[in-house]
Peer 1: 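What follows is a structure written as structure tokens; I'll ask about it next.
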Amino acid sequence: MSGANRHFVLAAGGTGGHLIPAFALATELERRGHHVALITDARGAQIPGKPDFLTAHVLPAGRFGKNPVKWIGGARAVWRGRRMAMRLFESFQPTAVVGFGGYPALPALLAATSASIPSVIHEQNAVLGRVNRLLARRVDAIATAYPEIDRLKPGHGHKVHLVGNPVRHEVLSLRDEDFPPFTEDGLLRVLVTGGSQGARVLSEVVPDGLAMLQPALRARLQVTQQCRPEDLEAVRQRYAGHDIPAELGTYFEDMAARLADAHLFIGRAGASTIAELTAVGRPAILIPLPIATDDHQAANTREMVQAGGARAIRQQNFTAKELAKQIQAMAQRPETLANAAHAAWNCGRPKAAQELADLVESFGGSELMDVIRVGGEEAVPNGREALAREAAE
């Protein structure tokens, strides 16, 4: 831990997948006595969970889709955001800038590398994202969530630090709790989610797949499933028709508690989902999102599947019959499911936030970047206040 307060800028936006680890790192750095600021985009500023101490500054980011006509506008937005970030850095004097992927991180990282400010990127997925690929050559360090990362050039291997993917405190606090008892005649509690908005394919396949289980196992089912609002009634009717007890909802506030109670998870393979499953140690049947960029969700399943903690089914093969077959194989004996839970747990990296903070702190700032006290008074203005003033001007 650094002996003096330093200033760090985190750049993330767009989705919770980028912002959740940024919030976790901010919390750890603030706990260590540092000042932290967030650069994000308009959408990222609306993502819930931002710590109260973390000041957010919205910069234009720009996007680059498949239509080349829009690239000029995207480039202009990035360049404008870069100029704004440079002005913010002049006031805040960050020791390092940390990007979490996605286009909202691009202007801040470009500004940092241009100003020779140490920079780090964190990749949440098992495939290096487009923006992180663009920045990999320029940054000082690449923090990864998996030991094997696709689309990472061999020449950048010396920059790689495996830290994991930070998860929410309420989930991490469950890591030392035992896997819920699962016996020959006890309940089999199944948790089904498809991301923040649910997934229609899960609503269509899972009820029928559970109905195809052998009667002895099917009679012990207790299901919790997240659905899209427009699918809710149809899914309720499916479960009722199969006489399977199921609690359905479009959003569950207490998802961590439900994960703690679950014996088996069925859902997508986003980075945050995998990180939480492995933090707690829950077996899973994963159905990677087929339209995920660079097929990164399929890559995300690799470590957990190889360890024996999960089974992956491609969406084109995700049928009721295949789902029933995989559940039967995992849950036919209590020890099989418990062993899968332990294998998932072994893939967890519970110190991800601390190790990422260690990496970021390793870029020591000059004395000008420290808060220096002379006769009990600050000789250098508080960085957060300076940044806030600059943003307001």
Side-chain angles (χ1 to χ4, degrees), residues 17 21 101 122-129 132 142-154 156-157 160-167 171-172 174-175 179 182 190-195 202 209 259 262-290 292-319 322-352 355-356:
H122 179 268
E123 178 55 64
Q124 298 89 50
N125 294 298
V127 180
L128 201 65
N132 282 347
I142 302 170
T144 65
Y146 298 91
E148 184 180 348
I149 304 295
D150 297 343
R151 305 296 293 269
L152 176 69
K153 292 183 178 180
H156 299 148
V160 172
H161 301 261
L162 175 61
V163 300
N165 204 5
V167 300
V171 172
L172 193 59
L174 302 171
R175 181 165 175 82
F179 184 64
F182 177 61
V190 180
L191 175 64
V192 186
T193 76
L202 298 176
L259 184 60
H263 295 110
L264 178 66
F265 172 88
I266 302 173
R268 293 299 194 194
S272 294
T273 296
I274 300 289
E276 294 190 352
L277 289 171
T278 56
V280 179
R282 289 299 178 269
I285 294 175
L286 302 168
I287 304 89
L289 179 68
T293 305
D294 298 319
D295 201 21
H296 68 255
Q297 285 204 5
N300 289 352
T301 69
R302 188 165 48 213
E303 182 185 25
M304 200 174 170
V305 169
Q306 289 174 354
R311 297 181 179 224
I313 306 174
R314 286 286 191 173
Q315 186 160 311
Q316 63 265 32
N317 301 322
F318 184 54
T319 63
E322 180 62 22
L323 177 61
K325 173 185 171 183
Q326 297 297 340
I327 296 174
Q328 200 74 46
M330 294 183 76
Q332 59 184 346
R333 293 190 302 275
E335 63 270 21
T336 304
L337 206 58
N339 289 340
H342 186 64
W345 190 90
N346 279 338
C347 292
R349 295 182 174 86
K351 295 184 178 180
E355 293 185 6
L356 182 55

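All figures in this text were calculated on a predicted structure; none of them were measured in a lab.
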Peer 1: Is there a side-chain contact between Ile266 and Val190 in this structure, where contact means two heavy atoms from C-beta onward sitting under 4.5 Å apart?
Peer 2: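 Of all side-chain heavy-atom pairs linking Val190 with Ile266, at least one is under 4.5 Å.
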Peer 1: Just jot down the side-chain hydrogen bond (donor to acceptor under 3.5 Å, both in side chains) partners of Asn165, sequence neighbours excluded, or say none.
Peer 2: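 Per chain and number, Asn165 pairs via side-chain hydrogen bond (donor to acceptor under 3.5 Å, both in side chains) with no residue.
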Peer 1: Do the side chains of Tyr146 and Asn300 get nearer than 4.5 Å, heavy atoms only?
Peer 2: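 Yes, side chains in contact.
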Peer 1: For Met330 and Ala340, work out which heavy atoms get closest and say how close.
Peer 2: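 Closest approach of Met330 to Ala340: CE-CB, 4.3 Å.
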Peer 1: Scan residues 274-290 for pairs that pass salt bridge (Lys or Arg N to Asp or Glu O under 4.0 Å), counting only residues two or more places apart or in two chains.
Peer 2: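 Sorted result for residues 274-290: Arg168-Glu276.
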Peer 1: Could you check if a side-chain atom of Leu152 sits within less than 4.5 angstrom of a side-chain atom of Ile142, using non-hydrogen atoms only?
Peer 2: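 SC-SC contact between Leu152 and Ile142 confirmed.
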Peer 1: For Ser272, give me all partners under side chain to side chain contact (heavy atoms under 4.5 Å, CB included), at least two apart in sequence or on another chain.
Peer 2: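 Here the qualifying residues are Ile20.
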Peer 1: In this structure, is the centre-to-centre distance between the rings of Phe179 and His263 below 6.0 Å?
Peer 2: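 Between Phe179 and His263, which both carry aromatic rings, the centre distance is below 6.0 Å.
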Peer 1: What is the distance from atom NE2 of His342 to atom CG of Leu337, rounded to the nearest 0.5 Å?
Peer 2: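 Atom-to-atom, His342:NE2 and Leu337:CG are 14.0 Å apart.
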Peer 1: Please find the pair of heavy atoms, one from Val171 and one from Ala279, that lie closest to each other, and give the distance.
Peer 2: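 Heavy atoms only, the tightest pair is CG1-CB, 4.5 Å.
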Peer 1: With sequence neighbours left out, what residues match Glu303 under salt bridge (charged side-chain N to carboxylate O under 4.0 Å, His left out)?
Peer 2: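 Arg349.
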Peer 1: Compare all side-chain heavy atoms of Trp345 with those of Val280 and state whether any distance is below 4.5 angstrom.
Peer 2: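 No - every pair of side-chain heavy atoms lies 4.5 Å or more apart.
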Peer 1: Mind running side-chain contact (heavy atoms from CB on, under 4.5 Å) on Arg268 and Ile287 for me, showing each step along the way?
Peer 2: CA-CA 5 Å; Arg268 293 299 194 194; Ile287 304 89; 3.6 Å; yes
Peer 1: side-chain contact (heavy atoms from CB on, under 4.5 Å) between His156 and Lys153: does it pass, once the steps are laid out?
Peer 2: CA-CA 6 Å; His156 299 148; Lys153 292 183 178 180; 3.8 Å; yes
Peer 1: Among all residues two or more places apart in sequence or in another chain, which pass the salt bridge (charged side-chain N to carboxylate O under 4.0 Å, His left out) test with Asp294?
Peer 2: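 Arg133, Arg151.
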Peer 1: Could you check if a side-chain atom of Leu286 sits within less than 4.5 angstrom of a side-chain atom of Leu277, using non-hydrogen atoms only?
Peer 2: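 A side-chain contact under 4.5 Å exists here.
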Peer 1: Roughly how far, to the nearest 0.5 Å, is OG1 of Thr336 from CZ of Phe182?
Peer 2: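 The OG1 atom of Thr336 is 9.0 Å from CZ of Phe182, to the nearest 0.5 Å.
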Peer 1: Find the distance between CD1 (Ile149) and CG (Leu128) and round it off to the nearest 0.5 Å.
Peer 2: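 Between Ile149 CD1 and Leu128 CG, I get 7.5 Å after rounding to 0.5 Å.
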Peer 1: Between Arg314 and Ala298, what is the shortest heavy-atom contact and its length?
Peer 2: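 Shortest heavy-atom contact: NH2-CB, 3.5 Å.
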Peer 1: Less than 4.5 Å apart, side chain to side chain, heavy atoms only: is that true for Thr273 and Phe265?
Peer 2: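 Touching, per the 4.5 Å side-chain cut-off.
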Peer 1: How far apart are the closest heavy atoms of Gly194 and Leu202, and which atoms are they?
Peer 2: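 Shortest heavy-atom contact: CA-CD1, 3.7 Å.
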Peer 1: Over all heavy atoms of both residues, which pair between Thr301 and Ala269 is shortest? Give the atoms and the distance, please.
Peer 2: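 Here Thr301 and Ala269 meet closest at CG2-CB, 3.5 Å.
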Peer 1: Side chains of Glu322 and Asn317: donor-acceptor distance under 3.5 Å anywhere?
Peer 2: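 The answer is no; no qualifying pair exists.
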Peer 1: Could you state the interatomic distance from SG (Cys347) to CZ (Arg302), rounded to the nearest 0.5 Å?
Peer 2: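 Between atom SG of Cys347 and atom CZ of Arg302 there are 12.5 Å.
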Peer 1: Under the rule for salt bridge (charged side-chain N to carboxylate O under 4.0 Å, His left out), what residues qualify as partners of Arg333, not counting sequence neighbours?
Peer 2: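 Arg333 satisfies salt bridge (charged side-chain N to carboxylate O under 4.0 Å, His left out) with Glu335 only.
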Peer 1: Is the number of heavy atoms from other residues, nucleotides or ligands under 6.0 Å of His161 NE2 greater than 12?
Peer 2: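 Buried by this count: over 12 neighbours within 6.0 Å.
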Peer 1: Taking all atoms of both residues into account, what is the closest heavy-atom pair of Val167 and Ala275, and its distance?
Peer 2: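 Distance-wise, the nearest heavy atoms are CG1-CB, 3.4 Å.
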Peer 1: Which value, rounded to the nearest 0.5 Å, describes the distance between Gln326 atom CD and Ile285 atom CD1?
Peer 2: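 With rounding to 0.5 Å, CD (Gln326) is 6.0 Å from CD1 (Ile285).
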Peer 1: With rounding to the nearest 0.5 angstrom, report the CG to CE distance, Asn346 to Met304.
Peer 2: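 That separation rounds to 11.0 Å.
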Peer 1: Does the side chain of Leu264 reach to within under 4.5 Å of the side chain of Ile327, using non-hydrogen atoms?
Peer 2: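 A side-chain contact under 4.5 Å exists here.
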Peer 1: Evaluate the side-chain proximity of Gln297 to Gln315: yes if any heavy-atom separation is below 4.5 Å, no if none is.
Peer 2: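 A side-chain contact is absent here, since even the closest heavy-atom pair is not under 4.5 Å.
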Peer 1: Taking Asn125 for the side chain and His296 for the main chain, is one N or O donor matched with an acceptor at less than 3.5 Å?
Peer 2: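 Here the side-chain-to-backbone pair does not exist.
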